[in-house]
2 protein chains.
Amino acid sequence: MNLKQLSNILGISQTTVSRALNGYPEVSEKTRALVLAAAQKHNYLPNTKAQALATGKSKMIGFVLPMASQHEMLNPIFGDFMAGAAQTYRTQGYDTHFALTENNKQAETYRDMHAKGSVDGVIVQAPRENDERVAILKELGLPFVVHGRATGKNDYHYVDVNNTHAFINATNFLLDLGHRRIALINGNEELDFAIRRNHGYTQALKDRGIEADPKLMFSSEMTEHFGYETMNKLLAMDQPPTAAVASSYTLAIGIRRALGENGLRIGKDFSVVIHDDDLSYLRNGEAQPVFTATRSSIREAGQLCAQILMDVIDKPDQKPKQIVLEAQLIVGSSTGPVPQ
Amino acid sequence: MNLKQLSNILGISQTTVSRALNGYPEVSEKTRALVLAAAQKHNYLPNTKAQALATGKSKMIGFVLPMASQHEMLNPIFGDFMAGAAQTYRTQGYDTHFALTENNKQAETYRDMHAKGSVDGVIVQAPRENDERVAILKELGLPFVVHGRATGKNDYHYVDVNNTHAFINATNFLLDLGHRRIALINGNEELDFAIRRNHGYTQALKDRGIEADPKLMFSSEMTEHFGYETMNKLLAMDQPPTAAVASSYTLAIGIRRALGENGLRIGKDFSVVIHDDDLSYLRNGEAQPVFTATRSSIREAGQLCAQILMDVIDKPDQKPKQIVLEAQLIVGSSTGPVPQ
DNA sequence: AATTCTTTTCAAAGCGCTTTGGATTTGCCA
DNA sequence: TGGCAAATCCAAAGCGCTTTGAAAAGAATT
C-alpha cells in the first residue's frame, strides 16, 4: 500500500492525502478524518525511504560501536546507554541506525554515514584526548553530541559525569574511614573518563598530604578478570593496601572473587568503592546497595544525549549545550574502617 | 556530492557512472577506473535512501528490543548477539535498524517496519510459546530468523542452543559427583529456552530415579539479585541442596555472593554449574574457567542468524534452515564432590 | 448577480538513484 | 572500404514521497 494507491481508493489527490496525514492546515477536517481512517484501515504508513529522499531528513540517529578487535571486548554499558537514547528518540519519530566498526575507523564510519545520507545526527561515545571524530563531524556539519568529553577544546555539545568529583568523593570516603593505602583500579587511561578519575583520586590523596603511589594504581579494560588479577597482585604485596576505588561493577566482581578466595571479607578486611553505571542487568543490589559506590545512570545519560541531539538537529547553530551530571555517593556494605 | 554532480565532473552519463560503480560488465575497464578514482577523490557514496527507493531493497536488518517495562531489565546478552550479527551483515553491506518497543508491542513494531519499508528482514529474539511474531512475519512475507525456538510449529528458520541437552549434561555432571539434592535457578519460564532447560534438568534427575523437587526449582529474571536471594533461601532450608544449576553467569555472581557471606566456599561446600553465554564483557575466566559451565557463544549465534537471514533475503523460498548448537561442558572450579 | 477573498484541492516537479531500451562507437572481417 | 556484431554509452522513466504554484470551489461582500 502506497500513497498513490491510497489516494486512488479515496478518489483524492496524493497531495491532499499527504497533507492530511502530515497535519497541514490546508485541508478540511472532514477530508482529514476520511484520509486518516482510510490509512488506518489499509495499514498505510509512508515509506521512510521515499520520505527521507523528499525531505532530506532521514529521521535516523547514527550509533557507532567499535568492535575493539584486540579483546573483542564490547562496551558493556552501551546497551543501556543506547536503550536510554532510543527511548527518547522514539518520542520524536527517530530510529537508530546501528553500525559496527573497526576500532580505529570510527571517524571514517561517521564520514560514510554522512556521505550516504543515512543519518541526521550521531552520538560519539568514549572520547579520547582531542578525539579526531569531533573535528571531522564539525567539518562535515553533521550534528553530534558527545557522551563524555574529549579533553582539549570544549566547543561542542556533550553530556558527561563529573568523574573527577566522583572519584574525589570516593577516595575521601575511604580516607575518612582511616584508610591511607588506597589502590586505584581504573579503566583504560587513554579514555577521557579514566583520566579524570585518576585525577580525582590523586587530588583527594594530595589534599590530605598523601602522595599517590604508582604501585597501587592500575589501569586496563574493565573486566572481571582484570579486577581479579589486580586484587591478587595487591594482596601479594609486602604492604597491601587496605582499600581500593574501582571504576566499574564488573571490576568489583573480580575483586570480590579474589578476596573470597583468600578468605578475606569485603567491607571488613578490605574496603572497596566503585563507580556504578546503574546498569539495568547488573544492579548494585536492590533496596540496599551491595557496594559503596558513586552512582550515575548511564541510561539517563543516554536520554539526555538524545534530547540534546534532537534539539541540535532542529536548530543546528546554537551555543554548546554541556551537561555535567553529579554522581551520587551511595553507601553499601563493601566499606568499613581500617582493620586493626 | 551526488551521482549527477559526479557524472558532470567526469563528463559521462549518470547511467555509466552508476554502472561502473556497481560493477556491471557493460562498461569498459578504463572508464570504470576513471569513475572509481573520481568517486574516491570526491568522497562520493551513493545516497542509501535513493538507492533503496530505486531498488526496493533497504539493505537494513531490523532489530527490535523490548523495553521490558516491568523491571526496566534489558536483556544483557543482546549487545553481544547484535554485535555478532552486525559483524556478519557488514560483509554484505547490510546495516542494522534498531528499534525499542514496548514489551507487548513487538509484533506491531515488525509490522510497522515492514509497512514503512525500512528493513529487508528481521531477527526475532527470545521467542515464547507459539509466539505471535512468527505468525505475523509469515503473513507479511518479511524474511526473518528466530534466535531460539517458539515451541509450537517449527516451520521457520532458527538458530538455537540445545538447551535441553545442555541442562541434562549439567545436571548429570553434578549427579556423577554424587550430588542428589540439586537446585535449579532458571530464567523466566514463559520463555522457550527456560522451559527446555527445565526439561533437561528434570529429565536428567528422572533418569537416575530422582523426582524433581519443586521446592528446589526457581525461575525469574536472571539478575544477580535473584541469584543471591535464591541462594539464601536454599541455605535457609532444613535440608539444603548441595548443588545448583543456574541459567546464567549473572545469577552465579549472586549465588557466589550469598555463599561467601555465609562463609561457604563455592566448589567445596556447594557446587554450581551455570550456562555461560560467553559474553565479551563478562567472561567466565580467561585461560581457566571460573565456573563449571555449559558454554555456547551468543555472539556466534548472532553471526549464524545473520548469515541465514541474508541468505533468506536473497532466496526467500527455501525450506527452513534450523541450526541447533551444542553447548560445551567446561569444567571450572565451582564444582566438586558432595561435602561429607 | 457580480466581484473579491478564502478555503480546498490538484497536477507536476523534484529528491538521488537504478535500469530499460535504444543509440552510438568500436573492432573485425571480407 | 563497407558491413555487421560487439562493446560502450546514453536519455528517460520510475521508485514513493513532499511541496510549489496554480486552479477550482465556496463564502463573503457589495
Side-chain angles (χ1 to χ4, degrees), chain A residues 1-36 38-39 42-60 93-95 97 112-120, chain B residues 1-36 38-39 42-60 93-95 97 112-120:
Chain A
M1 176 62 56
N2 59 24
L3 228 209
K4 195 169 179 181
Q5 292 169 22
L6 189 66
S7 65
N8 279 343
I9 292 177
L10 283 160
I12 300 182
S13 81
Q14 292 189 39
T15 311
T16 308
V17 175
S18 169
R19 285 190 161 147
L21 257 23
N22 292 320
Y24 282 65
E26 305 93 324
V27 52
S28 70
E29 283 313 315
K30 202 179 58 192
T31 56
R32 188 191 306 279
L34 242 51
V35 169
L36 252 30
H42 295 92
N43 219 325
Y44 169 79
L45 287 176
N47 180 305
T48 45
K49 298 297 149 45
Q51 215 163 22
L53 195 53
T55 59
K57 314 244 100 209
S58 70
K59 283 291 189 174
M60 283 272 163
Y94 282 87
D95 269 326
H97 179 116
D112 287 359
M113 277 186 165
H114 182 251
K116 295 196 283 188
S118 35
V119 298
D120 292 339
Chain B
M1 175 62 55
N2 59 24
L3 228 209
K4 195 170 179 179
Q5 292 170 22
L6 189 66
S7 65
N8 279 343
I9 292 176
L10 283 160
I12 301 182
S13 82
Q14 294 189 36
T15 310
T16 307
V17 175
S18 168
R19 284 190 162 149
L21 257 23
N22 292 320
Y24 281 66
E26 304 92 326
V27 52
S28 69
E29 282 315 314
K30 202 178 57 190
T31 56
R32 188 191 305 281
L34 242 51
V35 169
L36 252 30
H42 296 92
N43 219 325
Y44 169 78
L45 286 176
N47 180 305
T48 45
K49 299 296 149 44
Q51 214 164 21
L53 195 54
T55 59
K57 314 244 98 210
S58 70
K59 283 289 187 176
M60 282 272 164
Y94 282 88
D95 270 325
H97 179 117
D112 287 359
M113 277 186 165
H114 182 251
K116 296 196 283 189
S118 33
V119 298
D120 293 339

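Naming convention: chains lettered A, B, ... in sequence-line order (proteins, then strands); numbering from 1 in each chain.
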Nearest whole angstrom, please: distance from the C1' of D:dA11 to the CD1 of B:Ile12. 16 Å
N/O donor-acceptor pair under 3.5 Å between B:Ser58 side chain and B:Ser118 backbone: yes
Specify the residue among A:Leu53 and B:Tyr24 whose closest nucleotide of DNA chain C lies further upstream toward the 5′ end. A:Leu53
Note: for B:Ala50 and B:Glu29 on DNA chain D, the residue whose nearest nucleotide lies more 5' is B:Glu29
Whether the B:Ser18 and B:Thr15 side chains hold a donor-acceptor pair (N or O, under 3.5 Å, no angle test) is what I'd like checked. no
Indicate whether the side chain of B:Ser28 and that of B:Thr31 have a donor and an acceptor atom separated by less than 3.5 Å. yes
So B:Ser18, base contact, sugar-phosphate only, or nothing? Heavy-atom distance under 4.0 Å. base
Nucleotide-resolved protein contact map, nucleotides 20-27 of chain D, B/S/- at heavy-atom distance under 4.0 Å: BB------
Can you find a side chain N or O atom of B:Ser13 that sits less than 4.0 Å from OP1 or OP2 on D:dC10? yes
Students should find that the nucleotides of DNA chain C closing off the region near chain A, any atom under 4.0 angstrom from a heavy atom, are C:dT8 to C:dG16
Any sub-3.5 Å donor-acceptor pair from B:Arg19's side-chain atoms to B:Tyr24's backbone N or O? no
Flag, side chain of B:Thr16 to backbone of B:Ile12, donor-acceptor distance under 3.5 Å: no
If every non-hydrogen atom of B:Arg32 is compared with every non-hydrogen atom of B:Pro25, which pair is closest and at what distance? NH2-CA, 4.2 Å
With a 4.0 Å cut-off on heavy atoms, is A:Thr48 in touch with a base, just the backbone sugar-phosphate, or nothing at all? nothing
Any sub-3.5 Å donor-acceptor pair from A:Asp120's side-chain atoms to A:Lys57's backbone N or O? no
What distance separates A:His97 NE2 from B:Thr48 OG1, expressed to the nearest 0.5 Å? 7.5 Å
Pick base, sugar-phosphate or nothing for A:Glu26, based on heavy-atom distances below 4.0 Å to the nucleic acid. base
